[in-house]
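The next block holds one structure in the form of structure tokens; read it before the comments.
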Amino acid sequence: MLNVPSQSFPAPRSQQRVASGGRSKVPLKQGRSLMDWIRLTKSGKDLTGLKGRLIEVTEEELKKHNKKDDCWICIRGFVYNVSPYMEYHPGGEDELMRAAGSDGTELFDQVHRWVNYESMLKECLVGRMAIKPAVLKDYREEEKKVLNGMLPKSQVTDTLAKEGPSYPSYDWFQTNSLVTIAIYTKQKDINLDSIIVDHQDDSFRAETIIKDCLYLIHIGLSHEVQEDFSVRVVESVGKIEIVLKKKENTSWDFLGHPLENHNSLIPRKDTEDPYMKDSYIRKNINQRRETFIFTFNPDVVGLYYRKCQLISKENVTHDTRLFCLMLPPSTHLQVPIGQHVYLKLPITGTEIVKPYTPVSGSLLSEFKEPVLPNNKYIYFLIKIYHTGLFTPELDRLQIGDFVSVSSPEGNFKISKFQELEDLFLLAAGTGFTPMVKILNYALTDIPSLRKVKLMFFNKTEDDIIWRSQLEKLAFKDKRLDVEFVLSAPISEWNGKQGHISPALLSEFLKRNLDKSKVLVCICGPVPFTEQGVRLLQDLNFSKNEIHSFTA
Ligand code: FAD
Ligand code: NAD
């Protein structure tokens, strides 16, 4: 009998079937892929049933549209008719129906904060939620206020300050030529990775990562400043200073006016802290409703994107390339070890985003980074799937073209390396990407480290990323062992073969000493990672000793 491939998407054994993070994806009917949805939205068909009209939707009206064939959902103050999208939704109809006839913002943020729904669902837009008069008054009052150093206590911080003494704050001061914005995080474990600054046109944004939240400063500056600025961190007191250069040496009476969500603490999606999930998210969503109804700006609570320029593209294997992107001059962004960002490109008129894990430009220290201040370059190792949606488009970019890059996300904590003695890395295919910075960091910055062992799973020898660099590094640094395992080798291959298995792991994962401090990091296709984690647990590695990379 012929083995006919399944027509459903994701294909039955595809990594796409289970979304990262374990959320199950449902099989979609033929003709219901993302590309098919994009085509439908471009077809000119009336997807809302309102013939292009936008309406104001009251809560009562929203509640009425709660059936599969008549399903409206509100996301951040905007109402969408998602009925035509049901069959195209990778999470399935039931997931969408959980928010039918109601505000789905919280649900959406839990699952898809990075998805560009405004673009995906723009043809399904019914209109805005009707404005509540009481809220309007509050917001306008806020808008009128100008910043003169710290906001008065009563404005934003008061409610949050009640949550504990460690609520961050900011202040500013000036000299003839400089303006310094000081952020008091009240945390000691901050560094240059903890702060992201973007200054574009009239908007100055500084996102500080404080534990499981982002503290956002978002200001329209009162005067012009130069493009470049410097960022300093005083770790001992948890202070960050952003030093801006004035365009004209005049004295500023005030710093500027507050923009959306200025001076607020926003929970990060990848928080591991249940307290943060339960109380802060709810509170912030209430807060958001008040703001969003009036000034919708998805970038403020969603991930913020900035346009980066493609500087170089280099073949690493037959299908994997090293992309180098340059941040805008007015951005400070360093992606922390173990975290990923989202890349965004318009594809046939719809903005598509996919996650990628930045790497260093090389594993070897003799590699010379181009000389630019403030880590202006971000490198990615990206495998091009010729039948994929995003990577062929990325591959078509010319040097000098732009791609949008989000702020980082991820729950890997560098504190996992404290006092670490044995580090095991299990990587499959491009699941090698988070291991790159981990390897660089482990071999240079963990004094307690005795051994690092990488087991790298690939289909064939030609698929191995940076094989010769890995071999050179292992030769140079005796603490590193690298083992390649191939699942589809040619007959001459005399190394290890097969898929991840108890036999392979039990032999590989030997602790140096019985009580040594160990960490095992694992990353690859979802079935690989899930199987690996189960095997590690069977081998008695504790939860704290395992870190699996997912989105
Ligand atoms: P997709 O369109 O997702 O296609 C992928 C595969 O599915 C292709 O083989 C395609 O043929 C198949 N497929 C597509 N449509 C169908 C269909 N209708 N039926 C059957 N099969 C189909 N990747 C990297 O290369 N580097 C990284 O650093 C990296 N970091 C990541 C970090 C995280 C946190 C996560 C979750 C993923 C990361 N990825 C990384 C993977 C990346 O996000 C994308 O999934 C990958 O680039 C594929 O995207 P694509 O749109 O080109 O392919
Ligand atoms: P691939 O298809 O070339 O496979 C590489 C190896 O993975 C195979 O040789 C095999 O040993 C193993 N493998 C593949 N499918 C398996 C299965 N069903 N069960 C057990 N083992 C299996 O890999 P690729 O195309 O490079 O894909 C890499 C994957 O890693 C992608 O799914 C990507 O999304 C994921 N990734 C995740 C992150 C992250 O979460 N942070 C980062 C980078 C890449």
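Heads up: numbering here begins at 1 and tracks the sequence. Just follow the structure's listing: the first ligand is 1, and inside any ligand the first atom is 1.
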On a heavy-atom basis, I'd like to know which of Thr317, Leu381, Thr430, Ile500 is closest to atom 44 (C) of ligand 2.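 Residue with the shortest heavy-atom distance to the ligand atom: Thr430.
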
The one among Gly532, Pro525, Pro489 that brings a heavy atom closest to atom 4 (O) of ligand 2: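 Of the listed residues, Pro525 has the closest heavy atom.
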
Is there a donor-acceptor pair under 3.5 Å between the side chain of Ser83 and the backbone N or O of Lys68?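 A pair under 3.5 Å: yes.
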
State whether the shortest distance between N or O atoms of Phe390 and N or O atoms of ligand 1 falls below 3.5 angstrom.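 Looking only at distances, the answer is yes, because the N/O contact criterion of under 3.5 Å is met.
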
Is Thr357 in polar range of ligand 1, meaning some N or O pair under 3.5 Å apart?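 For ligand 1, there is an N or O atom that lies under 3.5 Å from one belonging to Thr357.
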
Is Thr433 touching ligand 1 with its side chain, its backbone, both, or neither, if touching means heavy atoms under 4.0 Å apart?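 It is the side chain that touches ligand 1; the backbone stays farther off.
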
Is it the side chain (CB and beyond), the backbone, both or neither of Tyr356 that lies under 4.0 Å from ligand 2, heavy atoms counted?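 Neither; no heavy atom under 4.0 Å.
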
Can you name the residues that form a side chain to side chain contact (heavy atoms under 4.5 Å, CB included) with Thr357, not counting sequence neighbours?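 In terms of side chain to side chain contact (heavy atoms under 4.5 Å, CB included), with neighbours along the sequence ignored, Thr357 is linked to His340, Thr433, Pro434.
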
Table please: side-chain donor-acceptor pairs of residues 395-407 below 3.5 Å, with sequence neighbours left out.
residue, atom, partner, partner atom, Å
Asp395, OD1, Lys313, NZ, 3.1
Asp395, OD1, Arg321, NE, 2.9
Asp395, OD2, Arg321, NH2, 3.1
Arg396, NH2, Glu393, OE1, 2.9
Gln398, NE2, Arg396, O, 3.4
Asp401, OD2, Gln398, N, 2.8
Ser406, OG, Tyr342, N, 2.8
Ser407, OG, Glu207, OE1, 3.4
Ser407, OG, Arg306, NH1, 3.4
Ser407, OG, Arg306, NH2, 3.2

For ligand 1, is Phe380 a contact, meaning one of its heavy atoms is under 4.0 Å away?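 Phe380 does not count as a contact of ligand 1 under the 4.0 Å cut-off.
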
Is there a polar contact, in the sense of an N or O pair closer than 3.5 Å, between Phe549 and ligand 2?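 Yes; the residue has a nitrogen or oxygen that sits under 3.5 Å from a nitrogen or oxygen of the ligand.
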
Within-cut-off N or O pair, Thr433 and ligand 2, under 3.5 Å: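 No, Thr433 has no N/O under 3.5 Å of an N/O on ligand 2.
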
